[in-house]
Amino acid sequence: GTSASPADASDPYTFRFLPNRGSVSPHELAEVLGYYEPYGIKLENKGFAGGGPETLFALAGGSIDLGSAATSAVLNSIAGGNDFLIAYPSNGIKKGVESVFYVLEDSPIKTIEDLKGKTISVNTLGAHLDYTIREAFHQKGLPPKSAKLVVVPGPQLEQTLRAKQVDVAGIGYWQTTFGGQLEANGGVRPIFTDTDVLGELAGGFVVFRRDFAEAHPKAARYFVEGAARAADWARENPEEARKVVGKLLDSRGEDGGLAKFWLGFGLQPGAPITDRDVGFWVEALSREGTLPAGKINVSGIIFRPASAKAGN
Amino acid sequence: MSVQDVNSTVVALNGEEETGGQKPLQSLLEGAGRFLSRYGLLIGFLLLWHVASIQRWVNPSVFPPLDDIAAAFWRGMTQGSLLADLGISLQRSGIAFVAAVAVAVPLGLFMGQIRAVERALDPILQLFRQTSALALYPVFILLLGLGELSKVFVIFWATIFPLLLSTIGGVKEVDPKLVEMARVYGASRLQVFRRVVLPGALPSIFVGLRLSATMALLMLIASEMIGANQGLGFQVMNAQFNFQIPLMFSAIFLLAALGLAANYTIVLLQRRLCRWSNAPV
Amino acid sequence: MSVQDVNSTVVALNGEEETGGQKPLQSLLEGAGRFLSRYGLLIGFLLLWHVASIQRWVNPSVFPPLDDIAAAFWRGMTQGSLLADLGISLQRSGIAFVAAVAVAVPLGLFMGQIRAVERALDPILQLFRQTSALALYPVFILLLGLGELSKVFVIFWATIFPLLLSTIGGVKEVDPKLVEMARVYGASRLQVFRRVVLPGALPSIFVGLRLSATMALLMLIASEMIGANQGLGFQVMNAQFNFQIPLMFSAIFLLAALGLAANYTIVLLQRRLCRWSNAPV
Amino acid sequence: MTAAALSANGSSPASTRGEVSIRDLSKSFRIAGRDFPVIRNLNVAIGAGESLVIVGASGSGKTTLLRILAGLETADAGDVRVSGRQVSGVGAERAMIFQEPRLLPWVNVLGNVAFGLELRQGARKVPRREAEAQARHYLSLVGLTDFADAFPRQLSGGMAQRVGIARALAVQPEILLLDEPFGALDAMTRITMQNELTRIWHEEQVTMVLVTHDLEEAVYLADRVLVLPKEKHRAPRLLDIDLPRPRDRSSPAFTRYREALLQEFGLH
Amino acid sequence: MTAAALSANGSSPASTRGEVSIRDLSKSFRIAGRDFPVIRNLNVAIGAGESLVIVGASGSGKTTLLRILAGLETADAGDVRVSGRQVSGVGAERAMIFQEPRLLPWVNVLGNVAFGLELRQGARKVPRREAEAQARHYLSLVGLTDFADAFPRQLSGGMAQRVGIARALAVQPEILLLDEPFGALDAMTRITMQNELTRIWHEEQVTMVLVTHDLEEAVYLADRVLVLPKEKHRAPRLLDIDLPRPRDRSSPAFTRYREALLQEFGLH
Ligand SMILES: Nc1ncnc2c1ncn2[C@@H]1O[C@H](COP(=O)(O)OP(=O)(O)OP(=O)(O)O)[C@@H](O)[C@H]1O
Ligand SMILES: Nc1ncnc2c1ncn2[C@@H]1O[C@H](COP(=O)(O)OP(=O)(O)OP(=O)(O)O)[C@@H](O)[C@H]1O
Ligand SMILES: O=C([O-])O
Ligand SMILES: [Mg+2]
Ligand SMILES: [Mg+2]
């Protein structure tokens with residue numbers, strides 16, 4: 001098959017990266033599972049990022065070797081002049097691994113139509129949850145700004161919902177630790193999820209600098225392949241995966257107990273990059289005017305391990 | 001023309017008298033010199049930025065050229081929400097600043113004058129002062145909710161302390177001989193405050209006002225990180241989160257411009273109020 | 001016993017003399033009174049917190065009872081990383097603070113004295129001052145990387161301005177008559193600085209030092225939000241993220257304690273250096 | 001205006017108002033770890049409307065004594081009463097001219113003169129207009145009409161001192177405490193001011209305690225002169241000046257008093 | 001110590017050192033929108049080692065003139081030279097005693113007296129020890145040995161003034177500018193200080209410009225007296241004091257000079 005054998009391991013490399021609090025990435029799992037060992041690939045944790053885009057700044061400055069952010073931020077960063085390559089989707093949504101919009105049990109809100117004029121918390125505007133809500137309204141024939149969105153960081157999601165400071169808490173698929181905690185404490189019910197609205201879609205990407213990928217094609221390839229393998233393994237062995245993720249969180253100084261709420265990466269087998277994963281966002285951002293039409297040549301920004309191999 | 005030539009010869013000869021024909025150019029040059037001596041560094045900095053970005057000495061996706069920022073600013077003002085953001089942010093900072101002034105100046109005058117009050121209040125105020133508004137989010141949200149109140153309070157919290165400390169410091173630097181004089185002339189505590197302590201502490205209070213006004217604007221970013229969907233601080237973080245760097249810098253520059261305007265206003269006010277002094281402010 | 005009784009009668013009679021048997025109790029009471037008048041409010045605040053938490057007047061998951069916090073603190077210190085966090089954070093704040101002092105005080109003395117320098121530097125410094133370190137993360141990360149440098153610089157950036165403004169303000173309040181005197185006695189510019197301007201500006205500089213020391217500690221939270229995996233600021237946000245509220249408050253209180261200690265040290269230093277003044281600091 | 005104030009003064013209970021009594025007064029200061037006695041066991045009674053002039057070497061405690069009378073300094077021991085009440089702080093019935101001008105730098109000359117008047121509240125409140133008019137009156141008295149709008153930093157030393165004098169006179173106190181009020185004035189201005197002060201003292205029957213280094217001034221102004229010794233083991237001395245007013249500075253009796261004072265100082 | 005300084009002075013080029021020349025000097029101030037002329041067309045030449053005393057009414061421009069000589073104020077017009085060089089700022093060869101003491105509040109008395117000496121750098125640098133010894137010498141001269149460790153706020157007005165005098169004398173300048181240096185001193189201390197000043201002036205051959213309101217002091221100290229008029233249309237007048245030294249204050253000639261000065265003021 002396409003996977004390399006340890007014999008090809010001629011490009012040992014230590015990838016510096018910034019993990020995001022409360023979430024793990026396939027490549028972290030791959031390292032724990034020992035997939036990188038034969039190739040001399042290591043990961044070096046440089047500390048937590050405050051959010052995905054910060055990893056992109058650090059990547060641009062050369063402080064780390066891989067960034068990881070929501071698709072919209074990745075595309076904007078490339079449009080802004082960064083020569084980044086999309087390596088693989090770090091997570092995605094599908095049934096069971098999805099963002100959920102919760103209300104309190106006794107809330108009068110039952111359907112998407114009831115959201116009109118209500119306050120919904122999201123992690124940030126202009127990104128995944130924001131678009132999910134717009135799309136939901138669009139499908140019901142409502143204007144895109146029918147509800148009031150406010151930004152609430154993860155740790156305050158439950159508190160603000162229960163204190164009725166917001167009507168609806170939107171909890172991203174990448175924030176399942178908060179969602180799990182919320183459900184475990186009871187008294188809430190879901191209204192809808194992002195897969196109801198968007199179908200299956202990648203959520204964010206791991207990216208390299210192009211010059212790095214060109215300088216270390218093999219290391220980059222083994223990195224991506226190992227991550228894809230780890231994602232497949234996690235999908236096939238969810239119980240074991242939760243245990244490993246728990247340990248991983250513990251080792252990062254986080255609460256490993258929260259791993260029991262972990263749902264998986266939500267990726268397709270082999271963690272492929274589909275046209276829709278990128279295309280959906282190119283269209284959405286162009287419509288908004290934030291991304292000038294034609295600024296992004298989708299095929300030119302995707303790292304292809306196969307071609308890297310061909311380059312050898 | 002020939003008359004002017006004669007005039008300018010006269011000027012060249014005695015080197016002091018200035019006559020009609022020469023004046024505009026000369027005063028223009030002088031004005032330009034003054035302007036450059038004041039704003040030269042700033043202009044140089046902006047030029048350096050622009051050139052560094054265009055020449056790719058720095059990463060232009062993080063340091064966009066100034067025209068990109070200007071374009072994003074224009075779009076943000078005309079089509080986007082920057083104008084509304086400006087309005088709401090001004091309101092938040094303004095209310096917080098006014099509240100901070102209303103509390104800190106009287107409290108500071110009081111604490112600076114009356115040792116017992118200072119002794120009693122100092123420990124708890126110091127404790128509060130040492131506590132980051134950012135760290136106390138959960139507490140603020142719990143107690144004050146997600147609305148305007150908590151945002152204004154976060155700003156207020158950070159804004160009050162520089163002013164309070166400066167005011168107390170200013171009061172302690174007031175010449176005790178003047179306070180004695182006022183007391184001998186029968187001034188009540190309040191009159192000593194108003195007529196001696198307050199004017200004497202004014203220069204320090206103004207330093208505090210400038211620090212606090214800046215703080216009120218800087219804290220917009222922290223305060224609008226939660227429960228917000230508009231405001232300049234929100235725009236900065238949101239644009240950063242979505243990697244819309246030109247928009248981010250538009251909002252940052254707008255915030256900085258507000259800060260400069262506030263600073264300038266306070267300095268003007270100080271010049272007016274402290275006209276008796278011949279020290280340049 | 002009977003001797004003591006006689007003594008205490010004497011005390012009761014003349015009401016002034018104090019004798020052996022009575023003294024310890026009385027001075028104990030006085031000491032307690034002084035202590036309460038100073039720390040009463042603080043103790044009251046903590047008590048209120050504790051009772052409110054136990055009685056569930058407030059949500060105890062956000063305001064945990066103080067013994068929970070103490071327990072988390074103890075665990076953090078003995079088994080957890082709080083001690084190491086303390087060390088690294090002290091180092092970051094310390095370096096930034098020292099750097100800020102080393103830059104701001106000479107620069108402030110300079111700018112306060114020499115009008116041309118102030119005119120030239122003021123606009124760009126004002127612009128920088130108005131720009132939040134939080135907003136400039138991307139820039140700092142790009143230019144300074146993810147290591148200690150960017151963390152220290154973020155703190156430095158926010159720390160320098162209160163000190164700079166206070167120093168400039170202090171210089172301008174120095175009695176111009178004393179400066180004149182020194183000049184008449186042949187003092188060089190540097191000597192006027194050292195012997196007149198610096199001591200005269202000291203009270204204001206100390207206000208700036210206190211503001212800046214606090215700022216250096218407050219900014220730990222912001223600076224350790226990125227690329228950090230230890231430090232007290234990191235612990236605050238990390239514990240908040242992981243719902244470890246008692247641990248979060250442990251770190252917050254530890255930060256506040258550092259701030260109080262820094263403040264106290266600076267006040268002591270000021271008392272030493274300004275012994276000539278009879279104004280209580 | 002002054003006439004009205006005079007009659008107000010005149011209708012007060014005569015017995016203690018304006019009287020000053022100092023009994024067994026002692027005061028010392030601690031300087032660089034050593035105790036310096038400044039006043040030791042002083043006893044003086046000053047009658048209402050009397051003029052007591054204090055002379056003494058530099059550092060002999062003249063200013064300290066005035067400050068104790070003003071209520072700005074507390075005695076270590078002894079009893080000080082003004083208008084029958086024990087002194088326990090400042091009081092509006094006493095006004096003081098300090099050894100330095102102590103003008104408010106942020107108020108112009110007129111405002112500085114009006115300062116004491118403008119402070120008055122309640123029943124004693126003086127309307128702004130009237131305060132200003134009165135201030136102008138006293139400003140002209142000290143010869144500074146032209147400088148009403150100047151700020152203190154624009155004044156010469158003697159001009160600043162005169163503003164301080166005008167400020168004190170303007171409040172028309174029961175007891176006027178003056179610490180070297182004419183020290184920075186030239187001979188001519190000084191004589192004018194001495195005459196003005198004598199006139200006001202007489203018209204308003206104010207009790208006056210004045211410190212000076214000018215012995216001629218002491219003899220010219222005093223009912224009695226208090227000589228404070230520099231060596232604290234020597235007792236303070238009181239000298240009655242038994243001369244009719246207006247006094248003639250060149251009269252032999254005047255000169256005799258002056259020489260007697262000089263002798264107190266060990267001169268001549 | 002003073003002897004060494006004396007010989008150092010003696011070996012300097014005699015022609016211009018210590019000389020002061022004032023030609024066509026004019027100065028006015030703007031106060032509250034009006035121009036006040038203070039000095040108009042003044043011409044004076046002061047010889048090296050001469051003692052010029054300035055008298056004049058309060059506000060007549062005495063301090064302003066001293067400040068121009070010190071280089072603290074710039075003239076509107078005219079030419080001012082000290083030791084042959086045009087004055088364009090302060091210079092270490094001139095020391096000034098200000099009308100107020102201007103002591104550094106954060107330095108003790110000894111430190112204040114040593115201030116000028118400690119400032120010296122380079123070749124003129126005085127070792128710390130020596131500066132302190134010299135300061136102690138001048139402190140004892142003004143009678144304040146006991147107060148070396150006191151801080152300025154602990155001094156009486158006259159004591160502070162004497163510290164200022166000691167500070168100026170300690171630097172042994174070529175030109176000594178004194179603005180009412182003894183104004184706050186009692187008669188006895190004043191006479192002691194006048195004698196000390198005369199001795200130092202004589203020993204160190206310093207040029208002295210002194211402002212006073214005490215006409216006796218003027219006659220006692222001056223080679224010439226400059227009388228500044230208050231009305232600016234009147235010309236300043238110079239009076240030679242042709243008396244041998246040491247001068248006898250009670251001699252008829254002394255009294256005549258004093259009365260001549262009084263007449264200049266319109267008194268007598
Ligand atoms: N800085 C200044 N700004 C404006 N006017 C000033 C300033 N200094 C002095 N004057 C004015 O100049 C005049 C002369 O002042 P100067 O101090 O020289 O007087 P003087 O002769 O020393 O008086 P005195 O004996 O009272 O000290 C005064 O009218 C004063 O108001
Ligand atoms: N606040 C103070 N702290 C310490 N010592 C003081 C203080 N005020 C005055 N003294 C001391 O008390 C003594 C008397 O001072 P005071 O000011 O009463 O003298 P004075 O008679 O007014 O002298 P002068 O004529 O010089 O003004 C001096 O030795 C002085 O050092
Ligand atoms: O913020 C998002 O990752 O969509
Ligand atoms: Mg005195
Ligand atoms: Mg003068």
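Just so it is clear: chains get the letters A, B, ... in the order the sequence lines come, proteins before strands, and each one is counted from 1. All of these numbers come straight from a predicted model, not from anything done at the bench.
- Residues forming a salt bridge (charged side-chain N to carboxylate O under 4.0 Å, His left out) with C:Glu173 (at least two apart in sequence, or on another chain): none.
- Taken to the nearest 0.5 Å, the OG atom of C:Ser204 stands 12.5 Å off from the NZ atom of B:Lys172.
- For C:Phe206, no part lies near chain B; criterion is any non-hydrogen pair under 4.5 Å.
- With chain B as the partner, the residue from C:Leu142, C:Val58, C:Leu255 showing the most heavy-atom pairs under 4.5 Å is C:Leu142.
- Looking at C:Asn263, only its side chain comes within 4.5 Å of chain B, counting heavy atoms on both sides.
- Proximity to chain C (any heavy atom under 4.5 Å) is restricted, for B:Met215, to the side chain, taken from C-beta onward.
- For the salt bridge (charged side-chain N to carboxylate O under 4.0 Å, His left out) test, no residue two or more places apart in sequence or in another chain qualifies with B:Arg129.
- If you take OG on C:Ser132 and CE on B:Met237, they are separated by 8.0 Å, rounding to the nearest 0.5 Å.
- If you take CD on B:Glu118 and CZ on C:Arg38, they are separated by 7.5 Å, rounding to the nearest 0.5 Å.
- Both the backbone and the side chain of B:Leu41 come within contact range of chain C, judged by heavy atoms closer than 4.5 Å.
- With chain B as partner, the option from C:Leu46, C:Leu220, C:Leu258, C:Thr131 having the largest number of non-hydrogen pairs under 4.5 angstrom is C:Thr131.
- Interface remark: C:Met248 contributes side-chain atoms only to the contact with chain B (heavy atom separation under 4.5 Å).
- In this structure, B:Ser166 and C:Leu211 approach most closely via the heavy-atom pair OG-CD1, 4.3 Å.
- Of all the heavy atoms in B:Ile221 and C:Ala135, the pair that sits closest is CD1-CB, 3.4 Å.
- The stretch residues 120-128 of chain B places B:Ala120, B:Leu121, B:Asp122, B:Pro123, B:Ile124, B:Gln126, B:Leu127, B:Phe128 near chain C, each with some heavy atom under 4.5 Å from a heavy atom of that chain.
- With chain C as partner, the option from B:Leu260, B:Val236, B:Ile168 having the largest number of non-hydrogen pairs under 4.5 angstrom is B:Leu260.
- In terms of heavy atoms, B:Gln130 sits closest to C:Gly259 at OE1-CA, 3.2 Å.
- Listed options B:Ala257, B:Ala256, B:Gly208, B:Ala116 were ranked by heavy-atom pairs under 4.5 angstrom with chain C; first place goes to B:Ala256.
- A heavy-atom distance below 4.5 Å is not found between the side chains of C:Leu143 and B:Val62.
- Contacts between B:Val139 and chain C at a heavy-atom distance below 4.5 Å involve backbone atoms as well as side-chain atoms.
- Of the atoms belonging to B:Phe249, it is side-chain heavy atoms, and not backbone ones, that fall under 4.5 Å from chain C.
- Evaluation of the ring pair (Phe, Tyr, Trp, His ring centres under 6.0 Å) rule for B:Phe97 yields no partner, not counting sequence neighbours.
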